[in-house]
*Asks:* 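Below is one structure. I have some questions about it.
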Amino acid sequence: MGRYFVFLFVFTLFFNVFNSQIQKDDYDCLNKLIVKIANLSLYKLNSTTKQYDYCGIKNNNVINCNTDGRVTDIQLTHFANKATNLTSANDYYCFPFLKSIGVDSFRIEKNFIYGPFPDTLDKRIFLLNGNLLSVFNVDLEIGFNNSIKRTQIDTFRLTGGVATSLNTTVYMSTISHFKNIEFIYGTSVITNKTNFKFENDLNENKKSSFKEFTSYCSNIPPLNYNNGTIDLVTLTFLPSFDKESVSNFSSYSNVLDLTLYSWDANQVFPFPLGLSNIPPGNKLVYIQISYLIDSPPHLIDLSNLDSDTGVNENNLNKLIIDSPGNLFNFNGKFPFSSLHKNLESFNFDNGNFSELPKLEDIFKEKISVISLNNNGIGGNVQTTLDFNKLPNLKVLKLKKNKLTGSIDESWCRVNFDISNNLIGGEAPSCVVCHMLDHHPYIRGINFTNWNPKPPCTSIIPNLMYHNSSGLFLIYGQDIGFSFSNFYILDISYKFSFSCVVPGYPEIDNIQFCLNYTGTDEPNPFSFNITYPNLPLGSRTTFELAAYNMFLPLVNKVIMNSNESLTIVGRYFAYNKTVINVQVDGKTCTIESCDFNEIKCKFSNVNNNNNNNNNNNNNNNNNNNNNNNISDGNFNGLNVIVQIMNVSSQICISKCNDDNYECEFKTERCNCSEGWEGDNCETLKRCPNDCSDAGICNHITGICSCNSGRTQDDCSGFECSLDCLNDSKCNYTIGKCNCMLGWEGDDCSIQSSSSSFSSSSSSSEPSLSESNKILLSVLLIPSLALLGLISFLI
């Protein structure tokens, strides 16, 4: 009864009720219907209009009327004293504005579901708690008689009434004129003898147009011969379910979302093996199985499911197996041999299999979330994760199993949960840095380097700025698992949950995006991040600057010994692999670095190689350069500091021989390409801001165009095909301009034309066509003016 009142509330919510006088033809039709099946005593006669006050809500009856006095929606309870009066479609045909019908405790005539109904009845038919068998008591030949008009209706909801008929067969032709099917057992009593089966009698000449299909069932409804995509199928298996019918899932190639339940939570059903027989080119992207699953006869291969289209832009391509029980395994092991190639999220929790499969053998490169919690998995955990095969893996959950062994630094690239396992060994650096004692993701794990914890020395943050989106991207090594691991004092920086930075290379690590919401112009591209909960002895604050917005600034160079340098300045990096230091063409190998300081060392091997590669004619020069470095004399040398391919060049003119500290020439700034001004403070913009079709390198002032775009400012369109036979690409429209005698999209087809032409898809107006256009432009206003003059006359 509770569900009924929820339905009643929703029903009335959709429509406005007006208590106006009903049009005579609608009133006569409504009065006849109520006298036939409803309780007339609920209504009062209006002495002014001489009509019963039918419009509105009376007990469970809902009748909506519009301001014109037309009946738009009818929901009536079939009065018990009138049970012998059967409702027919003709009872409703006389309402020219009717949108929806609802009958509770229904008693209907044969073929009611076929109609005819008013053409306006396009929203829904609701039948509640009546004689289920009477709904499908139809003449099948009517369903295939195309000469009989059937109104296309959005939703058919049938609730309750299951137990009143122990054997019901639904032929798909009888419901093919509905878009959404909702068969709900409601409060009905279900027994082992309750049968509700589907038979697909459709064919190429008679198809359904289902968009959603929700039903209890004793077999899998075949969904062949459906026009278009079915967005959602939700099925609940009855106790009488035919297990062999799971083969019918092979007809679900046009289904997007499939969810399966069991009416009896303790009953075991087979895995939907028919899914593995769906042909390639299918659309299935979301599968949820929430019942106890029997052991399969063989390993399950779902590699045929190849759809890469999500249900919507916020949904992942997902497979959820929720609490399948102890039987769902193959000889005690993981029951799948392969999963769909575009699968992004996989959940298999509360099951039972003995060992962890090698993840890269089962999952494909798009997988981002794997959850295998509480499955009794034993054996060694996979120590090293292969990100060459699993480049998009972001979340790995393995809690409440029996796994042993240890995990290494590769796990720092994912958010993982290994709590309540038997894993030990040394904690990887990300755990040392960012997980506190008793962290829920490592609860019950006894790491050997945990008490006391060593200092965290592995954090290597980087910062980029994306000009078009205004996003700051923090990425790097061990920068944290979530926003809560660090903070920024300036509250103008807000974390963004949308972290897509188009045009930048794929970041294979945890990353965070921020928006600057302050009013300062231009945006400050440098800030500090602080980690408040690192172990004792750790560096907690890191100064960051967007590497693509600053040149490395060198203040001084200090000679520490004959072979090592210290470079002091700003806008350096914490990641030594992105720093390159050259002194007169000789590489100084980075030993340590941070935002303000670089320490590097000259390699004898490097110097020897440089010497061997030089010609004998330059030996004297090389010897002089080598002597300058070894003696700490930097007069006249060039020092280049390169960070992320952004370089600063420093000319050294004076050295202090006592402490090997160098001062730098200040008469003139030697700006790097893309910068200008007395102090190189002005950042050049790219041509036309790259036309919003590329990424601007503010250092070089050069656009990096998106795929398919070209020219200096990315305003051009690349031709999708190679232009053959000396033809040229017209970058304005992205099509080939063919040379004389050639045509086609790629100018590969010889033509008899004797004049220069473009391919048909990219041709521009000829001279005569241009004249026609000009004539039209001039003529049409003139004609309009003549018409106006005629009107005024």
Side-chain angles (χ1 to χ4, degrees), residues 162-163 181-198 212-223 230 232-252 255-278 284-302 305 311 318-336 339-340 343 345-353 370-377 397 400:
V162 179
I181 301 297
E182 299 176 4
F183 295 163
I184 305 169
Y185 51 76
T187 58
S188 300
V189 177
I190 302 295
T191 70
N192 291 333
K193 296 181 180 180
T194 303
N195 283 290
F196 194 80
K197 291 191 174 184
F198 291 88
E212 295 188 3
F213 196 102
T214 299
S215 182
Y216 46 84
C217 58
S218 298
N219 70 329
I220 300 301
L223 293 177
I230 305 177
L232 172 66
V233 175
T234 303
L235 303 176
T236 300
F237 299 168
L238 295 176
S240 60
F241 181 77
D242 177 8
K243 297 180 179 181
E244 298 296 323
S245 71
V246 295
S247 61
N248 290 345
F249 280 117
S250 62
S251 66
Y252 282 43
V255 175
L256 284 179
D257 185 324
L258 175 64
T259 303
L260 305 176
Y261 299 102
S262 169
W263 183 84
D264 183 354
N266 296 315
Q267 192 167 357
V268 178
F269 296 102
F271 184 84
L273 291 174
L275 296 177
S276 61
N277 294 321
I278 295 178
L284 198 57
V285 295
Y286 181 93
I287 304 171
Q288 178 178 343
I289 304 173
S290 297
Y291 59 75
L292 298 178
I293 306 177
D294 204 354
S295 177
H298 51 73
L299 287 173
I300 301 168
D301 182 356
L302 294 180
L305 301 180
V311 178
K318 186 179 292 188
L319 172 59
I320 300 174
I321 301 174
D322 183 18
S323 301
N326 293 326
L327 298 178
F328 188 47
N329 56 67
F330 183 69
N331 296 331
K333 297 183 178 181
F334 189 68
F336 296 94
L339 294 168
H340 17 325
L343 186 65
S345 179
F346 179 77
N347 293 66
F348 187 141
D349 297 334
N350 306 310
N352 177 38
F353 52 92
I370 301 175
S371 179
L372 299 171
N373 295 325
N374 195 28
N375 286 300
I377 308 171
K397 297 182 179 181
K400 294 184 179 179

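Keep in mind that this is a model prediction, so the values were computed, not measured.
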*Asks:* Run the side chain to side chain contact (heavy atoms under 4.5 Å, CB included) check on Asn347 and Asp322 step by step: do they pass?
*Replies:* CA-CA 7 Å; Asn347 293 66; Asp322 183 18; over 6 Å; no

*Asks:* Assert yes or no for the condition that the ring centre distance of Phe328 to Phe330 is strictly below 6.0 Å.
*Replies:* no

*Asks:* Rounded to the nearest 0.5 Å, how far apart are OG of Ser247 and CG of Asn277?
*Replies:* 8.5 Å

*Asks:* So, the side chain of Ser240 versus the backbone of Thr194: is there a donor-acceptor pair under 3.5 Å, distance only?
*Replies:* yes

*Asks:* Holding to side chain to side chain contact (heavy atoms under 4.5 Å, CB included), I want the full list of residues that pass it with Pro272, two or more places apart in sequence or in another chain.
*Replies:*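 Pro272 satisfies side chain to side chain contact (heavy atoms under 4.5 Å, CB included) with Phe249, Leu260, Leu275, Ile289, Tyr291 once adjacent residues are dropped.
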
*Asks:* Here's a test for you: under side chain to side chain contact (heavy atoms under 4.5 Å, CB included), which of Ile230, Ile278, Ile287, Val285 qualifies with Val255?
*Replies:*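 For Val255, the side chain to side chain contact (heavy atoms under 4.5 Å, CB included) check succeeds only for Ile230.
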
*Asks:* So, for Ser371 and Asp349, which heavy atoms are closest and what is the spacing to 0.1 Å?
*Replies:* OG-OD1, 3.0 Å

*Asks:* So Leu232 and Tyr286, side chain to side chain contact (heavy atoms under 4.5 Å, CB included) or not? Walk me through it.
*Replies:* CA-CA 9 Å; Leu232 172 66; Tyr286 181 93; over 6 Å; no

*Asks:* Among all residues two or more places apart in sequence or in another chain, which pass the salt bridge (charged side-chain N to carboxylate O under 4.0 Å, His left out) test with Glu182?
*Replies:* Arg157

*Asks:* Could you tell me which non-hydrogen atom of Tyr261 sits nearest to which non-hydrogen atom of Thr234, and how far apart they are?
*Replies:*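 Result for this residue pair: CE1-CG2, 3.8 Å.
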
*Asks:* To the nearest 0.5 Å, tell me how far Leu319 CG sits from Leu258 CG.
*Replies:*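 Answer for the CG-CG pair, Leu319 versus Leu258, is 10.0 Å.
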
*Asks:* Set out, in order, the CA-CA distance, both residues' side-chain angles and the distance that settles side chain to side chain contact (heavy atoms under 4.5 Å, CB included) for Tyr216 and Trp263, then state yes or no.
*Replies:* CA-CA 8 Å; Tyr216 46 84; Trp263 183 84; over 6 Å; no

*Asks:* Restricting to non-hydrogen atoms, name the atom on Pro221 and the atom on Leu235 that form the minimum distance, rounded to 0.1 Å.
*Replies:* CD-CD1, 3.7 Å

*Asks:* Are side-chain N/O atoms of Ser290 and Gln288 paired as donor and acceptor at under 3.5 Å?
*Replies:*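 Yes.
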
*Asks:* Got a donor-acceptor contact below 3.5 angstrom from the Asn219 side chain to the Lys197 backbone?
*Replies:* no

*Asks:* Rounded at 0.5 Å granularity, tell me how far CZ in Phe348 sits from CD1 in Ile377.
*Replies:*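 Interatomic distance, Phe348 CZ to Ile377 CD1, rounded to 0.5 Å: 8.5 Å.
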
*Asks:* Are Phe336 and Phe353 an aromatic pair, judged by ring center distance below 6.0 Å?
*Replies:* no

*Asks:* Going by side-chain hydrogen bond (donor to acceptor under 3.5 Å, both in side chains), name the residues that satisfy it together with Ser245, two or more places apart in sequence or in a different chain.
*Replies:* none

*Asks:* I need the Ser323 OG to Ile293 CD1 distance, nearest 0.5 Å.
*Replies:* 10.0 Å

*Asks:* Closest approach of Pro222 and Asn248, non-hydrogen atoms and distance?
*Replies:*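 Closest pair (atom of Pro222, atom of Asn248, distance): CG-ND2, 3.9 Å.
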
*Asks:* Please give me the minimum heavy-atom distance between Leu256 and Leu284, naming the atom from each residue.
*Replies:* O-CD1, 3.6 Å

*Asks:* What's the separation between atom CG in Leu372 and atom CD1 in Ile321, rounded to the nearest 0.5 Å?
*Replies:* 9.5 Å

*Asks:* Side chains of Phe241 and Ile220, heavy atoms from C-beta outward: is any pair under 4.5 Å?
*Replies:*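 Side chain of Phe241 against side chain of Ile220, heavy atoms only: contact under 4.5 Å found.
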
*Asks:* Before giving the answer on side chain to side chain contact (heavy atoms under 4.5 Å, CB included), spell out for Leu238 and Ser218 the whole-Å C-alpha distance, their side-chain angles and the decisive distance to 0.1 Å.
*Replies:* CA-CA 5 Å; Leu238 295 176; Ser218 298; 3.7 Å; yes

*Asks:* Hey, does the side chain of Asn375 reach the backbone of Gly351 with a donor-acceptor pair shorter than 3.5 angstrom?
*Replies:* yes

*Asks:* Check Ser215 against Phe196 and note the closest heavy-atom contact, atom names and distance.
*Replies:*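 For Ser215 and Phe196, the tightest heavy-atom pair comes out as OG-CE2, 3.8 Å.
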
*Asks:* When rounded to the nearest 0.5 angstrom, what distance separates CZ in Phe269 from CG in Asp294?
*Replies:* 11.0 Å

